[in-house]
Amino acid sequence: MTRHIPTINAVDADSIQDYSYVQAEMDETFGQALARYMNELKIDIASLSASTGISKASIYYYTKNKRRISFNHIATICIALRLHPLRSRYLFSLAHYQLSAQCKRDMTICNYICGCAFNPSFTLKACNIELQAKHFRPLTALSAYKEK
């Protein structure tokens, strides 16, 4: 069963003064941060797999730092979890990736990463559809996923 992930409204986001919720420890790894965010959102590996199209084994290995996450998978997870943009930026930095302002595909993905926490229409499915409409590869093969 897929769990609904709530969005944050702009008023809530503006009221956040302490951004320590983004980073727990200075030496936190990508897997630790991902596992912490999933735990805070009460999302298990099976639910995240169902909502992203990423295999359960891959997500497990990402949380245990046993496999390097791909750019597409990190973007997919950030959008599916509806992470605050600062949390997404933090995960990207831990994975040593960045979005390029020179790349049209990256800018489309960036719009969804930055907007998914605030606007319920910024979904993984919508991102994949927009990428395909612009003749880019979608983030995942997930196209039949029925969002609530």
Taking everything shown except Tyr60 itself, do over 12 heavy atoms lie less than 6.0 Å from its OH?
no

Starting at [atom1] of [X], measure out to [atom2] of [Y] and round the result to the nearest 0.5 Å.
{"X": "Lys134", "Y": "Thr108", "atom1": "NZ", "atom2": "OG1", "answer": "3.0 Å"}
{"X": "Ile109", "Y": "Arg105", "atom1": "CD1", "atom2": "CZ", "answer": "4.0 Å"}
{"X": "Leu94", "Y": "Arg89", "atom1": "CG", "atom2": "CZ", "answer": "13.0 Å"}

Non-hydrogen atoms of [X] and [Y] that approach each other most closely:
{"X": "Cys116", "Y": "Arg82", "value": "O-NH1, 2.7 Å"}
{"X": "Leu124", "Y": "Thr140", "value": "CD2-OG1, 4.3 Å"}
{"X": "Leu34", "Y": "Tyr62", "value": "CD2-CB, 4.1 Å"}

Taking the six-membered ring where the residue is Trp, are the ring centres of His84 and Phe118 under 6.0 Å apart?
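Yes.
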
Tyr112 vs Phe122 aromatic rings, parallel, tilted or perpendicular, using cut-offs 30° and 60°?
tilted

Are any of the side-chain nitrogens in Arg87 or Glu40 under 4.0 Å away from the carboxylate oxygens of its partner?
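Yes.
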
Can you find a heavy atom in the side chain of [X] that is under 4.5 Å from one in the side chain of [Y]?
{"X": "Thr63", "Y": "Met38", "value": "yes"}
{"X": "Leu48", "Y": "Leu81", "value": "yes"}
{"X": "Leu83", "Y": "Ile113", "value": "no"}
{"X": "Ile59", "Y": "Ser49", "value": "yes"}

Between the side chains of Asn72 and Ser70, does any donor sit under 3.5 Å from an acceptor?
no

Classify the side-chain pair Asn65/Thr29 by whether it contains a donor and acceptor separated by less than 3.5 Å.
yes

Could you tell me whether a side-chain N or O of Ser51 sits under 3.5 Å from a main-chain N or O of Ser47, the two making a donor and an acceptor?
yes

Give a yes/no verdict on a cation-pi contact between Arg68 and Tyr97, requiring under 6.0 Å between NZ or CZ and the six-membered ring centre and an angle within 45° of the axis.
yes

